[in-house]
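Following: one structure in structure tokens, then a few remarks.
The residues of the chain are indexed from 1 along the displayed sequence.
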Amino acid sequence: MANTDDKDTKIDDEPDNNDEDVGGLDDDDDEKLTLVSSEDSNPKKFEITKKAALMCNLVKSILEGDAQATEIPIKKVRGDILELIVEYLKHHNGKKPDDIAKPIRSVKMERIVADKWDADYINKMNKKTIFQVIL
């Protein structure tokens with residue numbers, strides 16, 4: 001099609017060459033968020049990419065309610081536990097780990113999970129810490 005004589009109406013097949021970049025749905029992957037522990041008297045802050053943080057259902061639900069949020073308080077979580085959670089989220093960076101085969105046939109993490117890093121991550125914690133990370 002060609003341009004019409006009307007100056008206000010542009011009808012053509014050529015794309016606009018504006019300087020604005022039109023982003024896709026995943027363009028905010030590199031956007032940074034700050035997760036804040038709120039259980040401590042001196043809250044700790046951890047910077048993380050939005051892509052990695054969205055693996056956490058709590059963060060995901062908060063961002064569904066407020067897409068512009070950049071600092072997210074994580075209630076009832078101490079700084080040391082939030083640090084472990086952020087470490088896990090950063091390692092996986094938004095990529096869901098493989099499901100654990102069931103029934104579980106071993107007590108050794110190396111035989112249960114596909115990623116050696118995940119096995120080492122869990123093995124370095126005591127049971128109390130594991131439960132705090134999970135919850």
Atom pair CD1/CG of I122 and L84 - distance to nearest 0.5 Å
9.5 Å
Scan for side-chain hydrogen bond (donor to acceptor under 3.5 Å, both in side chains) pairs involving residues 54-68, sequence neighbours excluded, and state none if there are none.
none
Checking E110 against N123: is there a side-chain donor and acceptor pair closer than 3.5 Å?
yes
Under the side chain to side chain contact (heavy atoms under 4.5 Å, CB included) rule, what do I81 and V133 come out as? Steps first, then yes or no, please.
CA-CA 6 Å; I81 300 301; V133 167; 4.1 Å; yes
Closest heavy-atom contact between K76 and S38?
N-OG, 3.8 Å
Could you report the tightest heavy-atom contact between I112 and S106, atom names first, then the distance?
CD1-O, 3.1 Å
Are L135 and I74 joined in one hydrophobic group, where the rule is that I, L, V, M, F, W and Y side chains link up if heavy atoms are under 4.5 Å apart?
no
Measure the spacing between CZ of R78 and NZ of K44 and express it to the nearest 0.5 Å.
9.5 Å
Once you round to the nearest 0.5 Å, how far does CG of L33 lie from CZ of F46?
14.5 Å
Are L54 and I48 linked, directly or through intermediate hydrophobic residues, by side-chain heavy-atom contacts shorter than 4.5 Å (ILVMFWY only)?
yes
Minimal heavy-atom distance between M125 and I130, with the atoms involved, is CB-CG1, 3.7 Å
K75 side-chain N/O to P73 backbone N/O, donor-acceptor pair under 3.5 Å:
no
Kindly give the heavy-atom pair with the smallest separation between T34 and K45, and that separation in Å.
CG2-CB, 3.7 Å
Working to the nearest 0.5 Å, report the span between CG of L82 and SG of C56.
9.0 Å
Any residue meeting salt bridge (Lys or Arg N to Asp or Glu O under 4.0 Å) with D120, in chain and number order, not counting sequence neighbours:
K116
Consider only side-chain heavy atoms of I, L, V, M, F, W and Y, link residues closer than 4.5 Å, and tell whether I134 and M55 are in one cluster.
yes
Ring-plane angle category for H92 and Y88, please: parallel below 30°, perpendicular beyond 60°, tilted otherwise.
tilted
Run the salt bridge (Lys or Arg N to Asp or Glu O under 4.0 Å) check on K96 and D99 step by step: do they pass?
CA-CA 9 Å; K96 185 178 179 262; D99 288 336; 2.9 Å; yes
Which heavy atom of A69 sits nearest a heavy atom of L63, and at what distance?
O-CD2, 3.8 Å
Determine the minimum heavy-atom distance between I85 and Y121, stating which atoms define it.
N-OH, 4.0 Å
Before giving the answer on side-chain hydrogen bond (donor to acceptor under 3.5 Å, both in side chains), spell out for H91 and D118 the whole-Å C-alpha distance, their side-chain angles and the decisive distance to 0.1 Å.
CA-CA 9 Å; H91 172 76; D118 285 341; 4.8 Å; no
Test item: S37 side-chain N/O and P43 main-chain N/O as donor-acceptor pair under 3.5 Å:
no
Would a distance-only check, ignoring hydrogens and angles, find a side-chain to backbone donor-acceptor pair under 3.5 Å from K90 to E47?
yes
